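Contents: one structure, followed by commentary.
Start at 1 with the first residue, then count along the sequence. Since the model is a prediction, treat every value here as computed from it, not as a measurement.
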Amino acid sequence: MKAQNFIKGALIISVGGLVAKILGALYRIPLTNMLGGEGMGIYQMVYPLYCLLLTLSATGIPSGLARIVAQSEARGERSRSAAVLRRALFLFSAIGLLGSAVMFFASPVMSGWQREAGASHAYRMLAPSVFFVSVISCYRGYFQGKGNFLPTALSEIFEQAVKISLGLYFAYTFRQDPAAAVAYALLAVTVSEALAAAFMIVWGSIGLRGMPKPLYRERPAVRAGSLLRFILPVAIAAGVLPLSNMIDSIIIVNQIGRYAENATALYGVFSGGANTLVNLPVSLCYGLAAAVIPLVSSLYAKGMAGEAEKKICFALKCTFFVSVPAAAFLFAFPSETCAFLFRSVTGEEGAWLVRLVRIMSFGAVLLSAVQTLSACLTGRGKPKIAALSMSVSVAVKIALEFWLVKIPKVSVAGAAIAAICCYFVALLVNLLYSIRDKSNFARMAFDLCKFAGAAAVAVGAAYPLRFAGALALLGVSAAVYIPLCLLLKCFSREELGMFGRRKNYDHDNRAGVRPGRSHGGRKGSDPFRR
């Protein structure tokens, strides 16, 4: 994958993810107003098991398939890529169907553990989504491996639009009964995933229809066992965090319930409020993680380990460029941000939300970096390391959370502190395995310091305007931060040129000419270029 293709792919999928997340954040505002703290608590209780099943049946698929398809495309084996997609669809559709069945029939047990009978019906409404997301993930991995990120971005926006329109309609219709409103709002999620799956199937069918037959016999498609051996560690790495979130829903509600009556509402504030805000920059950085997998995989397949590590550092630099100012903004202006997005959350719950956002603001940087580095490890063919780092860090999180949350003065803030420690441990382990060159590590640390300095100056410049509201604060911060990054030369001219300077260069390459350079024995030459 060419450098500008990496940037373009990251931008496409990041913009798609950002639009989807903005729609989701805007959706949470009226939804929270209609459901209230208790309704949002039930809503968030259902999601941990759903996310866990999604992870086991779908989350590792895009990363794993992207790597396999990218390698096939680099060898010119396009029909083999299509065969991998068909094999993956057959395998993971079955796994997704099993996940849907588990969620449907386990609903009474989970609602009993969570001490919330109203959650049982909600689990059943959401259960079919596991199957549909498995299908969607197969197509997303296939397209990402081919360097085509547009279907992923469009499908994300499409499913959010359907979920919002139907979800608000159902929440308003059943607003007098919080449990029913939650259940039907989750039914809207199922409908949106079903329509998004149909969208991807149609797009994929059109793309596969015109695929030429190979002139020679290619290697056989990847077997189901091989797919599982590669994708399973990726799924475990991604699934450890949703598993911990499911455990959160049990620990927090049960421990706080011993000394407070609003345990479900506090869990809803933590999971549905603070986590939602922190995950906005993380979701924006997801495009970088998705785009870097085929790039790193292709470079390692060609034996260009040094070049691959440089691309990892560049992806991490882009991650810091987005996540560091977001974390600084959330830390400096939590009350203004919460007042803008969650106006219905007031009183004691509102005070807790502001406190949690400030504590968890650092998680925007840590979790975004963990996401990017985990993707890089997947591209290197080392998904087991990412799985191990997340397993160790989540074990630390659960132990700290169990100890802290039971202290009344700490309460739900203990869950936020434990989450920060979890992300920090995972980041340290991933860094040790991703960046081996000390000079690269030093440059990355220096870049982080420059971004942090620029972000501090930006939020400091906006601080006197706190009375103006969150949007004005955001605009001033961005207007100061971006020029400061240019002034501090956070990105080199070569890196900035990746956004569009190489169009003529590619034209010359297609003509077989590289101005000023010889083809003979160049280390960076690509024998698979067309």
Side-chain angles (χ1 to χ4, degrees), residues 20-51 53-54 100 103-104 106-130 132-133 159-196 245-246 248-250 252-253 257 261-277 338 341-350 352-353:
K21 282 296 178 181
I22 290 175
L23 290 174
L26 294 175
Y27 171 55
R28 288 297 180 98
I29 298 169
L31 187 67
T32 302
N33 292 331
M34 293 176 189
L35 299 181
E38 182 180 353
M40 283 304 295
I42 299 173
Y43 191 90
Q44 291 300 134
M45 280 182 179
V46 175
Y47 261 90
L49 177 61
Y50 172 64
C51 292
L53 292 172
L54 279 189
S100 292
M103 187 169 184
F104 185 89
S107 56
V109 178
M110 285 300 302
S111 59
W113 285 349
Q114 294 169 328
R115 297 185 180 181
E116 186 57 63
S120 180
H121 192 43
Y123 277 111
R124 294 192 180 99
M125 289 292 199
L126 190 59
S129 295
V130 179
F132 294 123
V133 175
E159 67 185 59
Q160 282 287 351
V162 174
K163 181 185 77 171
I164 290 169
S165 56
L166 284 179
L168 291 180
Y169 169 76
F170 287 136
Y172 180 79
T173 302
F174 298 96
R175 62 189 181 280
Q176 301 301 327
D177 184 353
V182 169
Y184 282 97
L186 291 172
L187 175 63
V189 176
T190 296
V191 175
S192 70
E193 300 296 355
L195 293 177
N245 292 336
M246 186 177 71
D248 287 347
S249 68
I250 298 172
I252 294 174
V253 173
E261 296 181 355
N262 60 342
T264 299
L266 287 179
Y267 173 72
V269 167
F270 165 74
S271 183
N275 266 334
T276 298
L277 289 177
C338 294
L341 291 177
F342 300 105
R343 295 184 180 182
S344 65
V345 183
T346 57
E348 182 186 1
E349 294 173 9
W352 271 114
L353 177 59

Start with the C-alpha distance between V133 and E159, add both sets of side-chain angles, then the distance that settles side chain to side chain contact (heavy atoms under 4.5 Å, CB included), and finish with yes or no.
CA-CA 11 Å; V133 175; E159 67 185 59; over 6 Å; no
Any heavy-atom pair between the side chains of L277 and C338 that's under 4.5 Å?
yes
Look up atom CG in L166 and atom OG in S192, then write down how far apart they are to the nearest 0.5 Å.
8.0 Å
Which residues share a side chain to side chain contact (heavy atoms under 4.5 Å, CB included) with F104, sequence neighbours left out
R124, A127
Among all residues two or more places apart in sequence or in another chain, which pass the side-chain hydrogen bond (donor to acceptor under 3.5 Å, both in side chains) test with S100?
none
Gap separating the CG atom of L31 from the CG atom of L168, nearest 0.5 angstrom:
6.5 Å
CG of N262 to CH2 of W352, rounded to nearest 0.5 Å, is 9.5 Å
What residues form a side-chain hydrogen bond (donor to acceptor under 3.5 Å, both in side chains) with T190, not counting sequence neighbours?
S129
Salt bridge (charged side-chain N to carboxylate O under 4.0 Å, His left out) filter on E193, not counting sequence neighbours, yields none
Keeping S271 on the side-chain end and Y267 on the backbone end, is there a donor-acceptor pair under 3.5 Å?
no
Using the side chain to side chain contact (heavy atoms under 4.5 Å, CB included) criterion, which residues pair with A180? Sequence neighbours excluded.
F174, D177
How many angstroms lie between atom CG of L186 and atom OH of Y123, to the nearest 0.5 angstrom?
10.0 Å
Quick check: closest heavy atoms across A263 and G257, and the distance to 0.1 Å?
CB-N, 3.7 Å
Sorted by chain and number, sequence neighbours left out, ring-ring contact (aromatic ring centres under 6.0 Å, His included) with F170 holds for Y184
Please give me the minimum heavy-atom distance between A188 and K163, naming the atom from each residue.
CB-O, 3.9 Å
